[in-house]
Trainee: 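Dropping the structure in here first, questions after.
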There are 2 protein chains.
Amino acid sequence: MSETARPREKDLRLDEQLCFAVYSAAHAFTRFYRPLLARLGLTYPQYLVMLVLWEADGLSVGAIGERLRLDSGTLTPVLKRLEKLGLLTRRRAAADERQVVVSLTVTGAQLRTIAEGFPDRIVDASACDGAELDGLRDGLVRLRANLDKAVA
Amino acid sequence: MSETARPREKDLRLDEQLCFAVYSAAHAFTRFYRPLLARLGLTYPQYLVMLVLWEADGLSVGAIGERLRLDSGTLTPVLKRLEKLGLLTRRRAAADERQVVVSLTVTGAQLRTIAEGFPDRIVDASACDGAELDGLRDGLVRLRANLDKAVA
DNA sequence: AAGGTTTCGATTGTGCACAATTGAATTGTG
DNA sequence: CACAATTCAATTGTGCACAATCGAAACCTT
């Protein structure tokens with residue numbers, strides 16, 4: 001039983017915390033994306049909404065929220081700003097008037113071609129090989145799923 | 001040249017994005033911590049400030065910000081709320097009146113003993129062994145450092 | 001068909017995060 | 001010593017994130 005193996009003064013050191021590593025990396029990502037997204041006039045959460053719609057257009061607010069794990073309280077103002085930017089439209093669904101269907105405009109769909117260059121920039125900046133980044137991503141996805149399961 | 005190896009329809013799929021995995025895991029963490037921190041009456045960013053001060057008391061606002069990578073615009077209101085909760089005090093430094101020194105109260109220091117149980121809950125909830133979590137953390141720390149370097 | 005329940009998006013209020021600016025205190029330079 | 005440049009925290013304004021609530025629409029159930 002080595003004494004040094006685990007300091008065990010109950011380890012609350014900031015740099016030991018996985019939660020802070022995640023929190024801090026998330027902010028580093030938004031800082032990294034900021035200048036890239038500035039060219040599109042988007043914030044990072046707005047970009048996430050665009051990613052969802054580029055993948056599947058014509059979703060309801062709720063469907064977008066399910067994908068991003070965000071509620072209407074967050075999404076409604078974001079979608080309104082994207083609508084004002086002329087990137088998407090919002091209209092009540094005919095079949096179910098409670099739902100609002102979000103659709104890309106031509107401009108919104110075209111923006112995708114600029115964004116296609118982004119992933120490579122991440123790989124370059126990260127100074128890691130693709131396999132390591134994929135491993136990191138998969139670990140995070142599993143972690144998120146387990147945390148969500150534990151809190152539910 | 002396999003067609004299936006890399007879909008190469010320019011991969012902007014949400015679930016492929018490392019940035020979203022990090023963003024999403026960060027939110028999952030704050031959701032997970034919320035009920036734990038509710039017992040202390042703290043939000044997650046407030047908890048981070050307490051972690052810093054438990055490790056080194058009597059820091060200036062700038063020093064806390066350097067540790068958490070947050071500026072005074074974010075920290076000042078957070079520190080004011082923690083002061084109102086009676087967990088810390090803020091006073092101008094005698095040696096340099098520009099700086100504000102933040103010090104824990106007895107109550108603030110005592111709160112640490114409750115927080116000491118948190119890390120184990122993360123390990124339990126994550127359903128991963130400690131080594132895997134450490135690897136994830138180290139990968140994120142490197143990623144953050146590289147992203148910061150690239151944006152600077 | 002009628003009434004309660006559920007679902008959906010919007011709204012309100014609180015608390016980060018960050019850019020930009022302000023004003024006071026300090027430091028550097030002539 | 002004077003005074004311009006810098007540093008520090010606070011302030012202002014914008015935009016997420018989320019809890020709580022609301023009102024309308026859709027769905028039961030009988």
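Convention: sequence-line order gives letters A, B, ...; per-chain numbering from 1.
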Trainee: Salt bridge (charged side-chain N to carboxylate O under 4.0 Å, His left out) between A/Asp148 and A/Arg69: does it pass, once the steps are laid out?
Mentor: CA-CA 11 Å; A/Asp148 282 346; A/Arg69 299 194 62 74; 3.4 Å; yes
Trainee: Between B/Tyr23 and D/dA17, is there a side-chain N or O to OP1/OP2 distance below 4.0 Å?
Mentor: yes
Trainee: What is the distance, to the nearest angstrom, from the CZ atom on A/Phe32 to the C1' atom on C/dC18?
Mentor: 19 Å
Trainee: Is the shortest side-chain heavy-atom distance between A/Leu136 and B/Leu143 below 4.5 Å?
Mentor: yes
Trainee: Nearest to the side chain of B/Arg98, which nucleotide is it out of C/dG15, C/dA10, D/dT6?
Mentor: D/dT6
Trainee: Whole-Å distance between D/dC18 P and A/Asp148 CG?
Mentor: 11 Å
Trainee: Would you mind telling me which residue lines up with the more 5' stretch of DNA chain D, A/Tyr44 or A/Ala95, judged by nearest nucleotide?
Mentor: A/Tyr44
Trainee: Give, for atom CD of A/Glu55 and atom CZ of A/Arg112, the distance between the pair rounded to the nearest 0.5 Å.
Mentor: 9.0 Å
Trainee: Are OP1 or OP2 of C/dC16 and a side-chain N or O of B/Gln46 less than 4.0 angstrom apart?
Mentor: yes
Trainee: Quick check for you: to the nearest 0.5 Å, what is the distance between A/His27 atom NE2 and B/Leu147 atom CG?
Mentor: 13.5 Å
Trainee: Which is true for B/Ala38 with a 4.0 Å heavy-atom rule: it touches a base, it touches only sugar-phosphate, or it touches nothing?
Mentor: nothing
Trainee: Using whole Å, report how far CD of B/Glu97 lies from C1' of C/dA24.
Mentor: 10 Å
Trainee: Within the pair B/Arg34 and D/dA19, is there a side-chain N or O less than 4.0 Å away from OP1 or OP2?
Mentor: yes
Trainee: Between C/dC16 atom P and B/Leu37 atom CG, what is the distance in whole Å?
Mentor: 11 Å
Trainee: Hydrogens and angles aside, do A/Arg91 and A/Ser103 bring a side-chain donor and acceptor to less than 3.5 Å of each other?
Mentor: yes
Trainee: Can you measure from CG (A/Leu85) to OG1 (A/Thr107) and round to the nearest 0.5 angstrom?
Mentor: 10.5 Å
Trainee: For residues 52-89 of chain B, which residues have at least one heavy atom under 4.0 Å from DNA chain C?
Mentor: B/Arg69, B/Leu70, B/Asp71, B/Gly73, B/Thr74, B/Val78, B/Arg81
Trainee: Over how many whole Å does the gap from B/Leu42 atom CG to C/dG15 atom C1' extend?
Mentor: 13 Å
Trainee: Would you mind pulling out the nucleotide paired to C/dG30, Watson-Crick or G-U wobble, both distances under 3.5 Å?
Mentor: D/dC1
Trainee: Evaluate the side-chain proximity of B/Phe118 to B/Leu40: yes if any heavy-atom separation is below 4.5 Å, no if none is.
Mentor: yes
Trainee: Please state how far atom NE2 in B/His27 lies from atom C1' in C/dC16, giving the value in whole angstrom units.
Mentor: 11 Å
Trainee: How many Å lie between CZ on B/Arg31 and C1' on C/dG15, as a whole number?
Mentor: 17 Å
Trainee: Please report the distance, rounded to the nearest Å, between CD in B/Gln99 and P in D/dA9.
Mentor: 5 Å
Trainee: Side-chain N or O of A/Arg92 less than 4.0 angstrom from OP1 or OP2 on C/dG9?
Mentor: no
Trainee: On DNA chain C, nearest-nucleotide positions of B/Ala94 versus A/Val101: which is more 5'?
Mentor: A/Val101
